[in-house]
Protein chains: 2
Amino acid sequence: MHYTEQMEDELREAGWKLTPSRRAVLSVFDRHDLHLRADEVLARARKIHPAVGRATVYRTLELLTGMGILHPMVLGDGKTRYARIEDGHHHLVCSSCRQVVEMHDRRFNRLIRRLAHEQGFQMQSNVMECIGTCRECREKETKS
Amino acid sequence: MHYTEQMEDELREAGWKLTPSRRAVLSVFDRHDLHLRADEVLARARKIHPAVGRATVYRTLELLTGMGILHPMVLGDGKTRYARIEDGHHHLVCSSCRQVVEMHDRRFNRLIRRLAHEQGFQMQSNVMECIGTCRECREKETKS
DNA sequence: ATCGTTAATGAGACAAAATCTCATTTAGTG
DNA sequence: CACTAAATGAGATTTTGTCTCATTAACGAT
């Protein structure tokens, strides 16, 4: 089953109405590897359902964030971007060339869940950003 | 030695000029536990050096971010906030009441550093946000 | 199918956050 | 203390996000 359909079910089960606009926004995030600004989401959603309004995109992004489906983040350039939450969403960001590497490591989720539990929290999702320098940039650095 | 002085040295060593405005912004972050919006930073900086302009605050926040001294983040309400980076900065955020719990756990930093290293990254800093529900909110939930 | 309720919508006014420009100032250097 | 490039503040401008409100349409009941 596709991600979009799953999410539509989730919305329905939570009692939200499934409108063309919401479907359009959701379908933008069918690919898992996107980090989009609100205006980019708007543009892409309009390709699917040209009538969507800006307000609705913001409302939907907020809704999806509240449901733990998306997560807003600032990847170092001051712009807020939305990305799907996979439990969890872990980035390495190179502070020099800005490339973003996605990490998927179970140890991480396990450790976080445990630490959250120790504090009485029940984890819904988590996002980590690690800022550093990638190998290529370090090598360029030392050469110059 | 105070944090502010350390950071001033860092700026100087990197060849940046130490102006009253930059000092003012830096001194705002002398306390380690702040998560401030740009306009809050401006207001606080003006208490110290009333002449600072908005543009300069943004410029300085960007500079300090680039140097790995501050990190911008979106704590779930869509507002960008800046906080000092301590290696690392780990939050539990309750999605219901919005309380933020700071975690300090060495295992975390160790694991992240290792994972970063595996990818060829040299870590400068890291930030983690775990969204969940705190005990109090869960208890309220079940009672109602 | 159709109806009724109510959530959801789009348009556009509005507000807030961030950027840009440029003439002027000043920190650091010699 | 004079020089110069970096940095600044003011304010115009752009971008991003919010709000209002009249209209629409999703969904359950019939």
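Every chain is numbered from 1 and lettered A, B, ... according to where its sequence line falls, protein lines coming before strand lines.
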Figure out the [atom1]/[atom2] separation between [X] and [N], and round it to whole Å.
X: Arg23(A); N: dC27(D); atom1: CZ; atom2: C1'; result: 12 Å
X: Asp39(B); N: dT19(C); atom1: CG; atom2: C1'; result: 16 Å
X: Arg12(A); N: dA8(C); atom1: CZ; atom2: C1'; result: 16 Å
X: Leu64(A); N: dA8(C); atom1: CG; atom2: P; result: 12 Å
X: Leu11(A); N: dA7(C); atom1: CG; atom2: P; result: 16 Å
X: Leu63(A); N: dA7(C); atom1: CG; atom2: P; result: 14 Å
X: Leu61(A); N: dT9(C); atom1: CG; atom2: P; result: 12 Å
X: Tyr82(B); N: dA18(C); atom1: OH; atom2: C1'; result: 9 Å

Do Leu34(A) and Tyr3(A) belong together in a cluster built from hydrophobic side chains that touch within less than 4.5 Å?
->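 Yes; Tyr3(A) is reachable from Leu34(A) via cluster members.
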Leu64(A) with Tyr58(A), same ILVMFWY side-chain cluster at under 4.5 Å =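 In one cluster with Leu64(A): Tyr58(A), no.
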Taking only N/O atoms, report every protein-nucleotides 19-26 of chain D pair under 3.5 Å with atom names and distance.
residue	atom	partner	partner atom	Å
dA26(D)	N3	Lys17(A)	NZ	3.3

Report yes if at least one side-chain N or O of [X] is closer than 4.0 Å to OP1 or OP2 of [N]; otherwise report no.
X: Tyr58(B); N: dA18(C); result: yes
X: Lys79(A); N: dT19(C); result: yes
X: Thr80(B); N: dA17(C); result: no

Minimum heavy-atom distance between Arg46(B) and Gly53(B), given as atom pair plus value =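 That closest heavy-atom pairing would be NH2-CA, 4.0 Å.
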For Thr133(B) and Cys137(B), which heavy atoms make the closest approach, and how far apart are they?
->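 Residues Thr133(B) and Cys137(B), closest heavy atoms: CG2-CB, 3.8 Å.
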Do other residues, nucleotides or ligands put more than 12 heavy atoms under 6.0 Å from Glu8(B) CD?
->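 Yes.
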Test item: Arg22(B) side-chain N/O and Lys17(B) main-chain N/O as donor-acceptor pair under 3.5 Å =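 Side chain of Arg22(B) to backbone of Lys17(B): a pair is present.
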Hey, which sits more toward the 5' end of DNA chain C by its nearest nucleotide, Ala51(A) or Arg37(B)?
->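 Closer to the 5' end of DNA chain C: Ala51(A).
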Side chain to side chain, Met7(B) and Met67(B), heavy atoms closer than 4.5 Å =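 Side-chain contact under 4.5 Å: no.
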